[in-house]
Amino acid sequence: MAMKERLTKADEAKPWYGELPVESLYTAGIAGEKFFRSIQEKGVFLGSKCHKCNMVYVPPKIYCEQDFEKLEDYVEVADCGSLESFTCVHIGLDGKRLLEPMIVGLINLDGASTSIVHMLGETTVEELCMGMRVCAVFKPKNKREGAITDILYFKPTKQ
Amino acid sequence: MSDRVGIIGIGATQFRSITPDVSYKELMFEAAVKAYDDAGINPRKDVDTFVTCAEDYIEGTSIFDEYVPDQIGAALKPVHTIGGDGLHGIATAFLQLKTGRFDIAVVEAHCKPSNMLTPDGIEACGQDPIYNRPLKLNTHFIAGLEMNRFCYETGVTYDQCAKVVIKNRRNALNNPIAGRAAKLKLNDFKYAESVSCPLTELDIAQPADGAVVIVLANESKVRALKKEPIWVSGIGWCNGTATLESRDWVYLNYVTKAAEMAYKMAGIADPQKDISFAEIDDRYSYKELQHLMALKLCCSCNPGQCVDNGRTEINGEFPVNPSGGALGMGYMYEATGLARLYCAVEQLRGNAGKNQIKNAKTALVQGWRGLPTTSTAVTILNA
Ligand SMILES: [Zn+2]
C-alpha cells in the first residue's frame, strides 16, 4: 500500500459538494444558418454537395470531410427517407428511468449521403424495421424558431 | 532514433465502485508509488517527462492539467495533460522518448466517477450542442442505434453480445484488481432492464474508480537499468468524424486505420497469427465484437461466431480481454485504455495468475474514448 494509514470509519470520509455553472452560446455558422432558415421558412431540408466525391451532407457543411473541398453548392433534399437504425431510450438525462420511452431514429433522407438523428413519432418500436419509409413532421410555421426541434419527429409512411 | 521504447514499470490501484476514503490525488499517488517501485526508480531524480490524461468536465475542475504534477512526483519537470484516452498518452510519451531528448517518461490516467453526481448529464454535454443535444437524449441512445444497426448488418445476435459480457465478467473473477467481476448466465439477460433497445443495463460497462501509472524508457536506459522490459513495438492512433450524421455505424474505419499504422510499425503481416491475445475496448458488449472486426482479428465474416465457438476465451485460440475488460474491471473514462495496457503487461510478464495465457508473446491493446467519440489508439506490445 502506498499509504501507511487509511480511514477505517466510513463516517470519517467527508465529501464536499460543488457544481460547475456553465452557460454557452453555440454558433450555427454559415452552413448551419442556411439549414435552419430553410427549415423555419420553407420546411425544406438543405444539404451541401461536394463535386469531387458527390457526397451530399445533411446538415450541410462548408467543407468536405472526405477530401477537404470547399462546398458552396446547396441542394434541397426530400423530407422523407429510409430508417437506417432506431432505438427506444428508457433512461433520461438525469439517469432515471423514463415513464414513456423515447424512440429515436437514424434517417437517410432521399438525396442525402448522410443520416439525420431525430425522434420517431406516431409509432411504436414494435412497428419499426430497418429500411422503413419515414417522413418529417414539422412544427406549424408560426411556432418554428430555426432549430433542430422545428422538426417534431419523423413518422412512418406507406409512400 | 532507432532506439526502441520499453515499459519498465506499472502501477495500479484496485478498481472499485466507490472510494470515499481517498481523493483522486491519493489514487494517483498510490498508482505512482507502485509503478516507480516496480521500475526501481525515483521520479524526482530519474523521470524526464510526464504525460497525464484527463478531461476537465469529468474531473469537475477546469484547467485540470494544473492539478496533476505534485502527486506523481512531476513538480518542476516537463508535464502536460492531454484530453484523450490513456493509450493516447502512451503514444505521446512514445514520441517524446523517440526524440532522444528524454530517457524515461511516465504516463498517468485515473478516474473517480463515484464523485460524479450527474454522469449522464456530463456525458450529454459531449453531444453536438446544435444538432443533437436539443433532443435531450441520454447519450446511451447512440450505443442503442449503433448496436441495432451493427447486429442487423453483421448478423451478430444479442445472445452473442451477452456472451461477451459473460466471458469478460467471469475473466475478472481471477483478476485481483477488477471491480466488476460476476458470474452471469444467459438467462440473466432476459431480466435485464432495457436502457436503449437493444442495449440492456448488462451490456454496459459500469464505472469504477482507480488510477494507472506506466513507466517507459528508451532502449539504452532499459539496458542501463538492467530491466526486463515489455517492448512497445507498434503504435497507431486515428480519429473518425465527430458528427453522428456522417459516420459509418457498422465499420469503424478509424480503428482499422489506427491498427494498420501499429501493425506496419510492428512488422505484423497477419494479425491473427502474429498476435497472442488482445485487450480491447468493451465499453458496451457489442463494441468488443465491432472492435475485433475493425482490428482485423475476426476468424470469420461474422464476428459473433468468435465468442460462440470459444475462440476468445482465455484458453481459446485468440483470447480477448483475459483481464475482464471494462465490463469486468469497471469503466474508467480516460483511464480505460491504460487499464487494458496494465493487464496486457501483466500477461506478457507471466504474472496473470489463473488467467495466464500460455506462451503469450505479443499483445494488441486498443482504447476508445467512449461516446460520442470516434477516437482510438492501438498499441502492440512484445515480451
Ligand atoms: Zn468530397
Side-chain angles (χ1 to χ4, degrees), chain A residues 1-3 6-10 12-15 17-20 22 24-29 32 35-36 55 57-59 61 65-66 84-98 101-106 112-119 125 128-131 147-149, chain B residues 11 13 19-22 26 29-34 37 56-57 60-62 115 117-125 128-150 152-153 193-199 201 241-247 249:
Chain A
M1 246 338 111
M3 292 78 147
R6 291 186 93 132
L7 294 184
T8 53
K9 300 278 182 292
E12 287 171 2
K14 179 174 163 55
Y17 288 81
E19 56 184 77
L20 298 174
V22 180
S24 295
L25 288 180
Y26 299 99
T27 306
F35 178 70
F36 288 120
M55 282 279 287
Y57 291 94
V58 182
K61 307 179 177 205
E65 61 184 48
Q66 299 294 327
E84 296 297 301
S85 192
F86 55 90
T87 182
C88 45
V89 189
H90 295 275
I91 306 284
L93 279 178
D94 57 2
K96 298 201 173 91
R97 282 200 91 72
L98 297 167
M102 299 164 81
I103 309 179
V104 188
L106 191 61
S113 314
T114 60
S115 297
I116 289 253
V117 175
H118 220 292
M119 313 307 298
V125 74
L128 300 173
C129 64
M130 296 291 177
I148 199 74
T149 45
Chain B
T13 63
T19 47
D21 55 333
V22 283
E26 290 164 346
F29 177 68
E30 181 178 338
V33 168
K34 288 179 175 174
D37 184 60
D56 287 5
Y57 237 44
T61 309
S62 69
N115 278 6
L117 297 182
T118 56
D120 301 77
I122 290 170
E123 287 181 16
C125 290
D128 183 283
I130 296 171
Y131 296 104
N132 306 138
R133 221 194 287 165
L135 301 178
K136 297 190 165 63
L137 290 165
N138 188 294
T139 308
H140 289 311
F141 89 89
I142 302 170
L145 284 178
E146 190 175 55
M147 181 176 178
N148 203 5
R149 185 74 205 181
F150 172 72
Y152 172 77
E153 239 177 86
E193 297 236 51
S194 176
V195 171
S196 183
C197 67
L199 194 78
E201 57 183 353
T241 179
T243 59
L244 299 183
E245 289 78 8
S246 60
R247 68 177 53 174
W249 291 76

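All heavy atoms count here, side chains included; hydrogens, waters and symmetry mates do not.
- Annotation: the span from L93(A) atom CG to C125(B) atom SG amounts to 9.0 Å, rounded to 0.5 Å.
- A heavy-atom distance below 4.5 Å is found between the side chains of N132(B) and V117(A).
- Here S246(B) is the residue among S62(B), S246(B), P198(B) with the most heavy-atom pairs under 4.5 Å with chain A.
- Proximity to chain B is limited to the backbone of T27(A), based on heavy atoms less than 4.5 angstrom apart.
- Across F141(B) and T87(A), no two heavy atoms sit closer than the pair O-CG2, 3.7 Å.
- Using a distance-only test at 3.5 Å, with no hydrogens or angles considered, no donor-acceptor pair links the side chain of S115(A) to the main chain of E245(B).
- Atoms CD and CZ, on E201(B) and R97(A) in that order, are 7.5 Å from each other to the nearest 0.5 Å.
- N148(B) contributes a side-chain N or O that, together with a main-chain N or O of F86(A), makes up a donor-acceptor pair within less than 3.5 Å.
- Residues A13(A) and P20(B) share a closest heavy-atom pair of CB-O, 3.3 Å.
- Within the 4.5 angstrom heavy-atom criterion, no atom of E153(B) approaches chain A.
- By number of non-hydrogen pairs under 4.5 angstrom with chain A, the leading residue of A32(B), S194(B), G121(B) is S194(B).
- Contact annotation: the side chain of Y26(A) never approaches that of D128(B) to less than 4.5 Å [non-hydrogen atoms, C-beta and beyond].
- Both the backbone and the side chain of E84(A) come within contact range of chain B, judged by heavy atoms closer than 4.5 Å.
- Of the possible polar contacts, one joining the N138(B) side chain to the G92(A) backbone as a donor-acceptor pair under 3.5 Å is found.
- For a residue to count as touching a neighbouring chain, one of its non-hydrogen atoms must lie under 4.5 Å from one of that chain's; by this rule V58(A) touches chain B with the backbone only.
- By number of non-hydrogen pairs under 4.5 angstrom with chain A, the leading residue of R247(B), E123(B), H140(B), E193(B) is E193(B).
- Under the ring-ring contact (aromatic ring centres under 6.0 Å, His included) criterion, F36(A) pairs with Y131(B), sequence neighbours left out.
- Atom CG in L7(A) sits 11.5 Å away from atom OG1 in T19(B) (nearest 0.5 Å).
- For the set G32(A), A28(A), S24(A), P59(A), the count of heavy-atom pairs under 4.5 angstrom toward chain B peaks at P59(A).
- The candidate with the highest count of non-hydrogen atom pairs below 4.5 Å against chain A, out of N115(B), L145(B), T118(B), is L145(B).
- Contact between G60(B) and L20(A) at its shortest, heavy atoms only, is O-CD2, 3.5 Å.
- Counting only heavy atoms from C-beta outward, the side chains of M102(A) and L135(B) never approach each other to under 4.5 Å.
- Heavy atoms closer than 4.5 Å to chain A are found nowhere in T13(B), neither backbone nor side chain.
- K9(A) does not touch chain B: none of its heavy atoms, backbone or side chain, sits under 4.5 Å away.
- Within the model, atoms OG1 of T149(A) and NZ of K136(B) stand 7.5 Å from one another, a figure rounded to the nearest 0.5 Å.
- Residue L199(B): no heavy atom, backbone or side chain, is found under 4.5 Å from chain A.
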